[in-house]
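Here's the structure, in structure tokens; my notes come after.
Atoms within each ligand, like the ligands themselves, are counted from 1 in listed order. Index from 1, following the sequence. Computed from a prediction, not measured in an experiment: that's the story for all the values here.
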Amino acid sequence: MSNTEINLKSLIGDNTREEFLKLLKSRTPFISHGNTEALKDLISLPFFDSVESLAACWRDTVDVFNSKIADEISKTSISPEDALNEYRNGSCILFNDVNRIIPDFDMWNQKIRREIGFSELTYVRNLVYATPAGKGNAPHFDQNFNFVIQLEGTKKWWLAKNKTINNPMTRHVIGHPADDELGSYTTKEFPESFPEDCTEYILEPGSILFVPRGVWHMTEAVTDAVSFNFTFTPPTWIDIATIALRAKLSHSEKWRESAIIDNKGSHNSEFNKLLNGLSADVENWKSVDFLDITEHQEK
Ligand SMILES: [Fe+2]
């Protein structure tokens, strides 16, 4: 492999990091085309020559989407050979966590993650979707941020603002039940069909589409199409706070006691004492105390 750098700049084009962060925070998608040269090291991997070469190198199962549901909520994991047959017969297939087999991907993933400013606790992975002409993904949103790079063929994407919930912590597919936690903090009803005020994006080889967290999207391949995703699932402040809090409290023998629940008795008063101590302590907490626990652990 040559040393053409794949970094944040390769994905955000003319935007500066600050401009990109504004787009990310305001959940604004963007597309750029003609990035074949900037992504040469990625696109020219022999691995990506064709779906056949990808399947031939693959030493794991491949996910095949149920064509009626057209989403990862209904998929089976089968051998690469069987997946290739399913693809030829019109099913979408997914090579998950491609970064496990190409170490450079993890190097790029972590570099881009640091450049964006996502926590070390971010789950970063790469996915390759092979979608036969006329097929695509059912309308949904994800809890993660995606850079979608079109490798082969033409694919249409439709994106729409999510007017039901901001910053969802799990994904949701239109027409399917929301998970319990998502349902608990979402006060409006989810739409029953894809929002009409959407924007269409057409991806050709070398196109990069940024799909922010929570934005509704659905797809359809115009021709047989292969795409590569950089997928970032950063922790929320909730995750940072609870992980660091657990680490702090674990130093206390009292907090480590097994919880015994009785509604009126002494066990609850012990818990009240702990909570009172905690709330007195909270006033002195600074973000750095938490971030010292979750960040800067990388060697
Ligand atoms: Fe998605």
> Run the salt bridge (charged side-chain N to carboxylate O under 4.0 Å, His left out) check on Lys40 and Glu5 step by step: do they pass?
Replying inline: CA-CA 9 Å; Lys40 191 170 65 196; Glu5 186 94 327; over 6 Å; no
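- A cation-pi geometry, defined here as NZ or CZ lying under 6.0 Å from the six-membered ring centre and within 45° of its normal, does not hold between Lys135 and Tyr87.
- Ring pair Trp58/Phe95: centre-to-centre distance below 6.0 Å.
- In this structure, a donor-acceptor pair under 3.5 Å is present between the side chains of Asn7 and Ser10.
- Residues passing the ring-ring contact (aromatic ring centres under 6.0 Å, His included) test with Phe145, sequence neighbours excluded: Phe118.
- Seen from the ring of Phe290, Lys248 counts as a face-on cation partner, given the 6.0 Å and 45° thresholds.
- The set of protein atoms (N, O or S) found at less than 2.8 Å from the Fe ion (ligand 1) reads His140 NE2, Asp142 OD2, His217 NE2, by chain and number.
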